[in-house]
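A note on names: the letters A, B, ... follow the listed sequences, proteins ahead of strands, and every chain is numbered from 1.
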Amino acid sequence: MSPRHEEILHTADMLRWELGEQFHDRTVEALYGDAAQIAKKAVIMPGKKTRLNFERTLDHLVTNRWTGFPLMFLLLAIVFWITIEGANVPSALLADVFLDSLYPMLKSFGENIGLPWWLNGLLFDGMYLAMAWVVSVMLPPMAIFFPLFTLAEDFGYLPRVAFNLDSMFRKSGAHGKQALTMAMGYGCNAAAIISTRIIDSPRERLIAILTNNFAICNGRWPTQILIATIFVGALAPAHLSGLVSSLAVVTVVLIGIFFTFLVSWGLSKTLLKGEASFFSLELPPYRPPRIWQTLYTSVIDRTLIVLWRAVVWALPAGAVIWLVSNIHIGGVSLAEHAVNAFDPFGILIGLNGVILLAYIIAIPANEIVIPTVLMLTVLVTKVAGVGSGAGVMFELDSELATAEVLRTGGWTLLTGVNLMLFSLLHNPCSTTLYTIYKETGSAKWTTLSAVIPLGIAFVVCFVVAVVFSAIGLT
Amino acid sequence: MKNIPEQCEVCPVNKQARLVRLGVDLSNYDFAIALAGNPNVGKSTVFNSLTGLRQHTGNWPGKTVVRAEGGYSYDNKRYKVVDLPGTYSLLSTSSDEEVARDFILFGKPDVTVIVVDATRVERNMNLVLQVLQITDRAVVCLNLIDEAERHGIKIDERQLMRELGVPVVPVIARTGEGVPTLLRNIADVATGAFVCRPRRGWTESGSLKKAVDTLAEKIGNEFPGLPNVRWVALRLLEGDQRIIDAIRSGELTSLAERAELQKKGDTQYVAAS
């Protein structure tokens, strides 16, 4: 290193000493002064600030203490309602094509070219059906939900949500920007984990990572929506059931937000002690959303990418489901052995062995929980007339038929409610866990991010089960 | 009649025709372009309209956390575009500002495109002036002019160009309006056909002048060819550790040498054309 370089640095030190502490302020002053001068010469501002009035009124409404939150939940409820009501028809249509028409064709094709029964079963009853189920159940709600969400984002509503939630996040010792990463989590937790990079403080970033799971990702929406329709919506008269089901889903979302705050607060008092840091969030102007572009990008980028991931994971999971249902030990299939082993603990926490086994098989992707549950239920209870054999995933023609199978399997309102809660609270999927590991580089935090939610899920389900039996609802 | 389309393709008026979006194909690029700007001014939208990629855009600040890269080809030259995280300034050192600052300084982009929100010109100028201290190869992309118009704001972009000493191009990135002109200006600055004279006067205001002058002279003698002597002086006076390290490690020396070579190259290019 050259002495002349050292001399420059030395001169800088001396001058800095002479200038004193106000140097930074003076720099900023000079900069801002010059910027103002340029703007004065080149920009002609309007005499009247008419346009601001509309935005200001809107901002008053959506960020007001009294109207902000109700509006937020109303908007959320409307989005779910549109998703639930709108997804039924295309879902049935896709199921028609993939399951009722293509599936028998594939099976007989396999037989015709002389595939051994086990390969035919593994390929078409296991892998193909798992994939077809995922596509017909997931594609329609995603194709509706993502564009709606993106439109709200494009319009400029998301920062207002962050603004509303900021004070609550700060009170729980977390960063206000966590509201934004949480919102991303409603799309995909793995993507949201990456988006926590906008939080500078490592402590607050870890809190955001560890609690992101409480935002239901799109893989869990179908479970929530289906179970809410079957068990909660069915309690209401037919014309209200859609509304009641969406309110049930909104309630689950709220419970998730509650746990986000609770766990953030708990972490900031114990493992991740510290004060919340300040940040400034600019409320951007409202912009008219670009409808077609939004539709295009959210369908192509978000929906298809997420769907592709689900399909990729559904194939091996389908194979596993078929195998555990068709490999027998002592005359009983592996699946039945496992279900029987999990049953005592499952029933204790208001679930059952089938659900627990389904969650183990479906670790790679939350999307395939419901098909796995149905298949295992049929297998274990030996319901006559539905399903097509061991390890065959199927689509039931209507929600009523699905409900019938589940009720025969011993499901009650408690099982439904607890499945929704378990789906909300349990550990993140393997992709998210891998992302957490990559982002934190720590096995400890990755483990904690799986163990904390799972523990909470068990405790909450257990408490709900106790409450249900105390008031005699089971 | 047959040759009319060909005529159109070579006509300088039809500039869009010469744009080929390359997506993530970054092989053998001729020029590197950095996209800088305040948060939420539409950098990602500009990025998408240049590269044909669909980097997720959203109306909230801080959306771009990962540095995105893409490419396009224009007038038979290949360009690499780097979308930097949005920052309000380069003075403090939060991590996103450091990413942006380091890339503009050490990443040596051939052109830095500063995207400016036309509805908030004054505040955006703070960043523009700071970037112009670091690099003398910049283009200001005045985005969202439709929104500014809607709000009754009028911008005299020729005046702005005279004040800043770099090209100023009004665009509506969402619809692609003005993008052909932006491409032309980027190409002109990249090839040296347009030589910027960036406005740097604010470091000469009374109380700063003496100290910056003294230090800048020393730095200028030691690193001839360094295009941003006064800015380096300013950072040293602030005690910026990254710049101190760059001097000690010789990083700044190689930066200065490269700048000098580039300058020579440019004169040759201009002479040849």
Heavy-atom pairs under 4.5 Å with chain A: which of [options] has the most?
| options | value |
| --- | --- |
| Ile244(B), Leu237(B), Asp156(B), Val128(B) | Leu237(B) |
| Glu238(B), Glu147(B), Lys218(B) | Glu238(B) |
| Leu160(B), Ile243(B), Val212(B), Asn124(B) | Leu160(B) |

Does OH in Tyr434(A) sit with more than 12 non-hydrogen atoms of other residues, nucleotides or ligands closer than 6.0 Å?
no
Tell me if the CZ atom of Arg4(A) is crowded by more than 12 foreign heavy atoms within 6.0 Å.
no
Per-residue contact mode, [X] against chain A (heavy atom under 4.5 angstrom):
| X | result |
| --- | --- |
| Glu163(B) | side chain |
| Leu144(B) | side chain |
| Thr203(B) | neither |
| Glu122(B) | both |

Could you pull out all donor-acceptor pairs under 3.5 Å where a side-chain atom in residues 164-179 of chain B meets a protein atom, sequence neighbours excluded?
unit_1	atom_1	unit_2	atom_2	d
Arg174(B)	NH2	Pro288(A)	O	2.6
Thr175(B)	OG1	Ile172(B)	O	3.3
Thr175(B)	OG1	Glu177(B)	N	3.4

Polar contact flag, side-chain donor to acceptor under 3.5 angstrom, Gln130(B)-Asn126(B)
no
Name all residues meeting the salt bridge (Lys or Arg N to Asp or Glu O under 4.0 Å) criterion together with Lys154(B); count only those two or more places apart in sequence or in a different chain, and write none if there are none.
none
Backbone N/O of Glu251(B) and side chain of Ser254(B): donor-acceptor pair under 3.5 Å:
yes
By a 4.5 Å heavy-atom criterion (distance strictly below it), what part of Gln37(A) contacts chain B: side chain, backbone, both, or neither?
side chain
